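Right, one structure below, let's go through it.
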Amino acid sequence: MWGGRAGALLRVWGLWPAGVLGRRPLSCNAASLAGSNPSGCWNCGSPGGPVRGDGFFCPQCRALQPPDLTRDYFSLMDCNRSFRVDTAKLQQRYQQLQRLVHPDFFSQRSQTEKDFSEKHSTLVNDAYKTLLAPLSRGLYLLKLRGVEIPEGTDYEMDRQFLMEIMEMNEKLAEAQSEAAMKEIESVVRDDFEKAKEILTKMRYFSNVEEKIKLKKIPV
């Protein structure tokens, strides 16, 4: 089903490994997605989760809370869990969060809050960079589905496709005119769009797979 150049491109990217079906997805509980802290505030001991400023601050003493490392990037960046992301809104969200947690704003606060600020800022940066680029975004979507691809792994690599990639790189190195580079770019864009289409279909097949699993659960 996923043959041809686009299928091979996904294998090069690591977006369509063998045995993708049947992997266990990562779990996300509702409390973590809401940014709550069930143990209460570390500073004042106030019970209940922080609710101010995207759940980063205690509602009582306004101390910065530790980052919730189980919260997925899409939730953190206020994006739908989808391959299609509004990058303009993503950038706005990134700037909004950095205004809340950037270390520069915590230079006069406690060492604990300084440490939390560094961790928050790093997490926001990682989330932004991951969701901004289509490749890393697609890989992260698969990771949320329980599929992780080791770095440098080639899954059933298409030898002919590898040759085409090598030839394309050689042409790019030898290209002396804008027309020659545009010709190469058009080929890449065409394959890239096909790969995105396949990734979108993967999401729907994953939904069907989950429904099948639910049907198999004995009543």
Side-chain angles (χ1 to χ4, degrees), residues 12-15 17 23-153 196 199 203 206:
V12 169
W13 285 355
L15 292 179
R23 299 293 184 90
R24 185 177 181 180
L26 298 181
S27 60
C28 297
N29 59 64
S32 67
L33 294 182
S36 63
N37 184 3
S39 62
C41 174
W42 64 271
N43 185 52
C44 69
S46 175
V51 295
R52 177 179 174 273
D54 284 297
F56 295 147
F57 299 89
C58 172
Q60 300 299 323
C61 68
R62 298 188 176 182
L64 182 65
Q65 300 300 297
D68 182 356
L69 301 181
T70 66
R71 188 177 187 183
D72 72 77
Y73 289 168
F74 288 97
S75 171
L76 177 63
M77 304 308 290
D78 196 23
C79 296
N80 292 328
R81 191 182 289 190
S82 167
F83 186 74
R84 297 183 182 277
V85 168
D86 187 327
T87 55
K89 289 183 178 180
L90 177 65
Q91 185 175 16
Q92 291 175 1
R93 174 66 170 174
Y94 170 73
Q95 293 170 345
Q96 174 195 20
L97 292 180
Q98 287 292 13
R99 285 193 292 268
L100 283 174
V101 301
H102 195 277
D104 288 350
F105 301 118
F106 291 85
S107 59
Q108 304 301 317
R109 305 291 284 269
S110 69
Q111 186 59 49
T112 299
E113 287 184 282
K114 289 179 182 178
D115 293 342
F116 288 161
S117 174
E118 291 279 358
K119 293 177 180 179
H120 274 294
S121 185
T122 298
L123 187 62
V124 170
N125 281 331
D126 289 345
Y128 175 68
K129 291 177 181 178
T130 298
L131 300 188
L132 183 64
L135 173 56
S136 56
R137 189 190 313 145
L139 288 171
Y140 185 67
L141 276 169
L142 287 182
K143 181 179 179 180
L144 292 177
R145 294 294 304 167
V147 180
E148 293 198 57
I149 312 302
E151 289 291 334
T153 302
K196 287 199 296 184
L199 189 60
R203 178 164 59 91
S206 294

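Values reported hereafter were calculated over all heavy atoms of this structure, with side chains retained and with hydrogens, waters and symmetry mates removed. From a predicted model like this one, the values you see are computed outputs, not experimental measurements.
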Could you measure the distance from the [atom1] atom of [X] to the [atom2] atom of [Y]? Nearest 0.5 Å is fine.
X	Y	atom1	atom2	answer
T130	Y73	OG1	OH	5.0 Å
S82	R137	OG	CZ	8.5 Å
Q65	F57	CD	CZ	9.5 Å
L97	D78	CG	CG	9.0 Å
F74	L141	CZ	CG	4.0 Å
R71	L76	CZ	CG	5.5 Å

Note, [X] side chain near [Y] side chain (heavy atom, < 4.5 Å):
X	Y	result
V124	R93	no
Y140	D72	yes
R109	L64	no

- Task: Grab the two heavy atoms, one from P67 and one from H120, that are nearest each other, plus how far apart they are.
- Result: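 Closest heavy-atom pair between P67 and H120: CA-CE1, 3.3 Å.
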Looking only at heavy atoms, the pair that brings A63 and E113 closest together is CA-OE2, 3.3 Å
Sequence neighbours excluded, every pair satisfying ring pair (Phe, Tyr, Trp, His ring centres under 6.0 Å) that has a member inside residues 95-117 |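 For residues 95-117: W42-F116.
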Residues which pass side chain to side chain contact (heavy atoms under 4.5 Å, CB included) with [X], listed by chain and number, not counting sequence neighbours:
X	answer
E118	P103
N125	Y94, Q98, S121
Q95	Q91, R99
Q111	K114, D115

